[in-house]
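Below you'll find the structure, written out as structure tokens, and then a few comments.
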Number of protein chains: 2
Amino acid sequence: MTTSQSAAKQKVSAKRDDVLRAATATFLEVGYGRTSMDQIAAKAGVSKATVYSHFGSKEALFEAIIRELVHALVQPLAMAPTGETPETTLTAFARRYVALLLAPSSLALHRLLVAEATRNPDLAVASYRTGGERAVGELADYLTQECAKGTIAVADPKLAAEQLFGMLTGHWQVRALMRVEGAPPREALDRYIADAVGAFLRAHAPGATRRA
Amino acid sequence: MTTSQSAAKQKVSAKRDDVLRAATATFLEVGYGRTSMDQIAAKAGVSKATVYSHFGSKEALFEAIIRELVHALVQPLAMAPTGETPETTLTAFARRYVALLLAPSSLALHRLLVAEATRNPDLAVASYRTGGERAVGELADYLTQECAKGTIAVADPKLAAEQLFGMLTGHWQVRALMRVEGAPPREALDRYIADAVGAFLRAHAPGATRRA
DNA sequence: GTCTATAAAAGGATAGAC
DNA sequence: GTCTATCCTTTTATAGAC
């Protein structure tokens with residue numbers, strides 16, 4: 001690709017990007033049904049026909065945006081395996097996970113996916129595969145490694161990973177999704193996370209008594 | 001109230017009930033935005049004007065339905081304090097809780113609340129107060145009692161209750177809300193619940209070593 | 001590629017007869 | 001209380017000029 005072509009493409013994409021930005025913001029803010037193509041066009045500073053020329057329909061525009069958002073959002077969750085203790089590693093991972101999950105943009109995306117899951121199941125499923133499922137897999141892999149080292153005792157790593165995630169979010173996620181309260185103060189969150197990680201490690205300590 | 005008045009009221013309420021049933025089914029199935037008053041009227045077998053005569057607006061109809069649904073749904077969660085062991089009591093409670101949460105009607109209601117939380121925050125908050133918050137409170141009260149007896153060791157009952165709820169639902173709820181998969185088979189669910197309750201009891205055993 | 005103007009349809013809500 | 005008929009607004013999508 002020559003420089004002129006690249007420049008041309010950049011220029012061509014200028015209004016397209018404006019549309020994408022405007023549509024993303026509006027969809028996240030008020031949802032699919034309450035977002036009109038007129039609003040998007042006005043916010044982007046273009047005509048409605050331009051919107052339709054770049055994206056064939058409202059649904060196609062929506063799908064493109066969701067896939068991009070999910071992809072971008074799940075990136076920071078990669079698990080960096082260090083030589084630290086499980087408590088240190090899990091706490092660091094938990095903080096990233098919770099911060100990600102409770103971020104306003106994540107919550108808005110989550111609301112959108114849940115709201116449109118009935119109308120567009122494929123999109124919701126694909127989003128969960130590249131989002132939640134991947135996070136569980138990463139944590140499960142780490143638990144398997146530590147289990148082999150003998151630092152923790154986990155019978156079913158995937159199940160244990162889901163349980164830890166569940167404890168970490170607790171009802172914060174539900175409350176946030178339903179707008180019951182805003183983001184919790186950082187110190188409350190840290191205490192919450194420390195409690196969950198602590199409970200998890202006690203439950204899966206190598207020498208823990210089997211009660212089940 | 002005399003018999004004739006009661007009969008009259010019943011007769012009067014006949015079409016009103018038809019509207020309520022039709023509206024409830026449609027809202028739960030396709031959401032607020034995609035439900036039209038025409039659909040409701042047609043499904044109920046009445047004219048649109050009749051719908052408006054009983055409920056002043058689409059929004060008022062929606063609110064009445066949601067509040068009724070939440071109220072009815074949270075009823076079975078009352079905690080019956082027995083003389084059983086914590087494991088038995090918690091397992092029984094957990095089964096009721098999970099069955100309730102994963103029921104199709106609950107999931108549809110949850111989707112609706114999350115989807116409309118931005119447009120109607122008050123409704124979502126009120127629903128959480130009489131739903132999730134009450135469940136947490138019941139479990140926390142039970143944990144406090146058992147803690148006094150010395151059967152378990154819990155520093156913060158409300159926090160522990162939320163963590164157990166989180167473990168119980170894990171990612172099942174997310175998957176179900178996003179329609180990633182249907183209801184899990186009963187035996188898988190029972191195993192999932194047993195694991196969560198087991199982990200909880202190990203983490204909060206009276207003599208457990210403090211690691212945090 | 002981008003705009004203006006418009007088609008075509010659907011939705012919330014109400015007036016007035018019975 | 002209930003119905004028919006209608007108003008008015010909004011919305012998706014496109015035709016045609018530049």
Side-chain angles (χ1 to χ4, degrees), chain A residues 4-66 112 115-116 118-120 123, chain B residues 4-66 112 115-116 118-120 123:
Chain A
S4 68
Q5 277 175 332
S6 177
K9 189 168 183 182
Q10 273 190 326
K11 190 179 178 186
V12 164
S13 303
K15 297 217 169 189
R16 185 191 154 99
D17 288 351
D18 290 343
V19 172
L20 270 180
R21 265 191 297 274
T24 301
T26 313
F27 279 138
L28 286 178
E29 192 179 347
V30 302
Y32 180 85
R34 296 172 66 81
T35 297
S36 75
M37 297 297 258
D38 292 86
Q39 284 175 2
I40 294 173
K43 197 164 193 166
V46 302
S47 79
K48 205 164 42 166
T50 299
V51 177
Y52 276 95
S53 79
H54 284 291
F55 309 89
S57 67
K58 183 182 177 182
E59 183 62 30
L61 175 57
F62 181 69
E63 284 203 24
I65 286 175
I66 295 298
L112 220 45
E116 305 304 323
T118 302
R119 189 179 56 83
N120 194 341
L123 188 58
Chain B
S4 68
Q5 277 177 332
S6 178
K9 191 170 185 182
Q10 273 190 325
K11 189 179 176 185
V12 165
S13 303
K15 297 218 169 189
R16 185 192 154 101
D17 287 351
D18 290 342
V19 172
L20 269 179
R21 265 191 297 274
T24 302
T26 313
F27 279 138
L28 286 179
E29 193 178 347
V30 302
Y32 180 83
R34 295 173 68 81
T35 296
S36 75
M37 296 298 258
D38 292 86
Q39 285 174 6
I40 293 173
K43 197 164 193 166
V46 302
S47 79
K48 203 162 51 166
T50 299
V51 178
Y52 276 95
S53 79
H54 284 291
F55 310 89
S57 68
K58 184 181 177 182
E59 183 62 31
L61 174 57
F62 182 70
E63 284 203 22
I65 286 175
I66 294 297
L112 219 46
E116 305 304 324
T118 302
R119 191 180 54 84
N120 194 341
L123 188 59

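Letters go in sequence order (proteins before strands), and every chain restarts at 1.
- With sequence neighbours left out, the side chain to side chain contact (heavy atoms under 4.5 Å, CB included) criterion links B:K48 to B:M37, B:D38, B:A41, B:Y52.
- Rounded to whole Å, atom C1' of C:dC3 lies 9 Å from atom NZ of A:K15.
- With respect to A:K58 and A:E63, no salt bridge is recorded, no charged nitrogen being found less than 4.0 Å from a carboxylate O.
- Between B:D18 and B:R21, at least one side-chain N (NZ, or NE/NH1/NH2) sits under 4.0 Å from a carboxylate O, which counts as a salt bridge.
- Residues from residues 55-65 of chain B lying near DNA chain C, meaning a heavy-atom separation below 4.0 Å, are B:S57, B:K58 in numerical order.
- When only modelled atom types and interatomic distance are considered, B:T50 and B:S47 share a side-chain donor-acceptor pair under 3.5 Å.
- Atom CD1 in A:I40 sits 5.0 Å away from atom CG in A:L61 (nearest 0.5 Å).
- Contacts between residues 45-53 of chain B and DNA chain C, counted as heavy-atom distances below 4.0 Å, involve B:K48, B:A49, B:Y52.
- Computed from coordinates, the A:H54 NE2 to C:dC3 C1' distance equals 13 Å when rounded to whole Å.
- Going from atom CG of B:D17 over to atom C1' of D:dG1 covers 15 Å, rounded to whole Å.
- Using cut-offs of 30° and 60° for the angle between ring planes, the B:Y32 and B:F27 rings count as parallel.
- The backbone N or O of A:A60 lies less than 3.5 Å from a partner atom in the side chain of A:S57, making a donor-acceptor pair.
- Summarising the geometry, atom CG belonging to B:L123 is positioned 9.0 Å from atom CD belonging to B:E116; distances are rounded to the nearest 0.5 Å.
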